[in-house]
2 protein chains.
Amino acid sequence: MGIFEKKDIRKTAFRQKVLDVFYQNENSITIGQIETAIGKHDRITLYRTIKTFLDAGLIHEIVMPGDVKKLALCNDCEHGPNEHAAHHQHNHIHFHCAQCQEVICVDNELPNIDLEGYQIDSIEIQARGVCASCL
Amino acid sequence: MGIFEKKDIRKTAFRQKVLDVFYQNENSITIGQIETAIGKHDRITLYRTIKTFLDAGLIHEIVMPGDVKKLALCNDCEHGPNEHAAHHQHNHIHFHCAQCQEVICVDNELPNIDLEGYQIDSIEIQARGVCASCL
DNA sequence: ATATTTTTGCAACATTGTTGCATTTTATGG
DNA sequence: CCATAAAATGCAACAATGTTGCAAAAATAT
């Protein structure tokens, strides 16, 4: 059973191409990287494809401090099929390496955070530093 | 001694107006809110003013999941004058209230996070839920 | 194979942000 | 206070990123 069937997304040549770019990159990628990789395809279609993937929970969006925006495959994310990407729960920390500039999803137990008087539904953590490969 | 002198930023009518918008809003605001508040001023100047404020450490930028981008005054941030906004250290958590949609800087001790093999220089935490006022 | 639904591509547009340059404003120093 | 230097402003033009409506094409279902 392929990823398309599992997530109820139609399998098209274009979408397979986009998905391949994700598989070919270990860490998260930018929309620009996808555009370069798939060649002279229509930008609109790509944006819609990404939205479809996001809605299906196939990928997730990472917004790092400094307006670094990336996309990454969801491997271990807890999500239902209709959950909006913005409220998507991750069991990992998004790590931005200052050296190789990669944004990496590091599997890690999220710390328990309690804010007096606040009801916390989800938490996102972004870290910056030097990644394991660059150290 | 005013905030301009302290941060070595020139005091102009325009900048005072922009700063007032920050003071008039308890929590973080969007560039759009500032544009509306200050009236028909030049957008370019506003962008440059914001950049100046960011560089001076007067305000900081908050990027929340779902492309919510906000600006907030820095009250308790640890930063030097030349430190870039992206690497700005906060002692608070950015909290997005799902009800009032405000993005609030909640003063809180940041949890100690240790990632095996990674060198962590800074951490940003975003939480989502219901804020104290809305509960 | 045909009908239905979804995806794609095009054109046009909207938003957000940037750069260069001339002008104005603010601060500085006699 | 006036001249000068430095910085901020406003304009025009541009660039990047993302969206909408609609017709054509492709994929799925009958």
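Side-chain N/O atoms of B:Arg48 and base N/O atoms of C:dG17 include no donor-acceptor pair closer than 3.5 Å.
Listed nucleotides C:dT8, D:dT9, D:dC11 differ in distance to A:Arg15; the shortest reach to its side chain belongs to C:dT8.
Going from atom CG of A:Asp55 over to atom C1' of C:dT6 covers 15 Å, rounded to whole Å. Atom NZ in A:Lys51 sits about 14 Å away from atom P in C:dT8, given to the nearest Å. In this structure, the CD atom of B:Gln16 is 18 Å from the P atom of C:dT25, given to the nearest Å. Taking atom CZ on A:Phe14 and atom P on D:dA25, their separation rounds to 18 Å, with Å as the unit. Between the CD1 atom of A:Ile34 and the C1' atom of D:dT17 there is a distance of 14 Å, rounded to whole Å. One can place CD1 of A:Ile50 at 15 Å from C1' of C:dT8, the figure rounded to the nearest angstrom. For the pair A:Tyr47 OH and D:dA16 P, the interatomic distance rounds to 11 Å; values are reported in whole Å. In this entry the distance linking CG of A:Leu46 with C1' of C:dT8 reads 12 Å, nearest Å.
Between the side chain of A:Ser28 and the backbone N or O of A:Ile104 there is no donor-acceptor pair closer than 3.5 Å.
The nearest pair of heavy atoms linking A:Cys97 to A:Cys131 is SG-N, 3.4 Å.
Summary of the strand contacts: A:Glu35 and B:Asp42 both lie near DNA chain D, and taking for each the nucleotide with the nearest heavy atom, the more 5' one is attributed to B:Asp42.
OP1 or OP2 of D:dG10 lies within a sub-4.0 Å distance of a side-chain N or O belonging to B:Thr45.
Among the atoms of the strands shown, only primed sugar atoms or phosphate atoms (P, OP1, OP2) are found under 4.0 Å from some heavy atom of A:Thr49. When heavy atoms are screened at a 4.0 angstrom cut-off, B:Lys69 is found touching the sugar-phosphate backbone but no base atom. Residue contacts for A:Arg43: at a heavy-atom cut-off of 4.0 Å it reaches a base atom on one of the strands shown.
Under the 4.5 Å side-chain heavy-atom criterion for grouping Ile, Leu, Val, Met, Phe, Trp and Tyr, B:Phe14 is not connected to B:Ile44 through any hydrophobic cluster.
Checking B:Asp20 against B:Gln16 by side-chain atom types alone, a donor-acceptor pair falls below 3.5 Å.
Heavy-atom neighbours of B:Glu116 CD from other residues, nucleotides or ligands within 6.0 Å: at or below the threshold of 12.
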Nucleotide N/O of nucleotides 28-30 of chain D paired with protein N/O under 3.5 Å:
from   : atom 1 : to      : atom 2 : distance (Å)
D:dT28 : O4'    : A:Arg10 : NH1    : 3.4

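Ring centers of B:His96 and B:His94: at least 6.0 Å apart, outside the cut-off.
Between A:Glu61 and A:Lys69 a salt bridge is recorded (basic side-chain N to carboxylate O distance below 4.0 Å).
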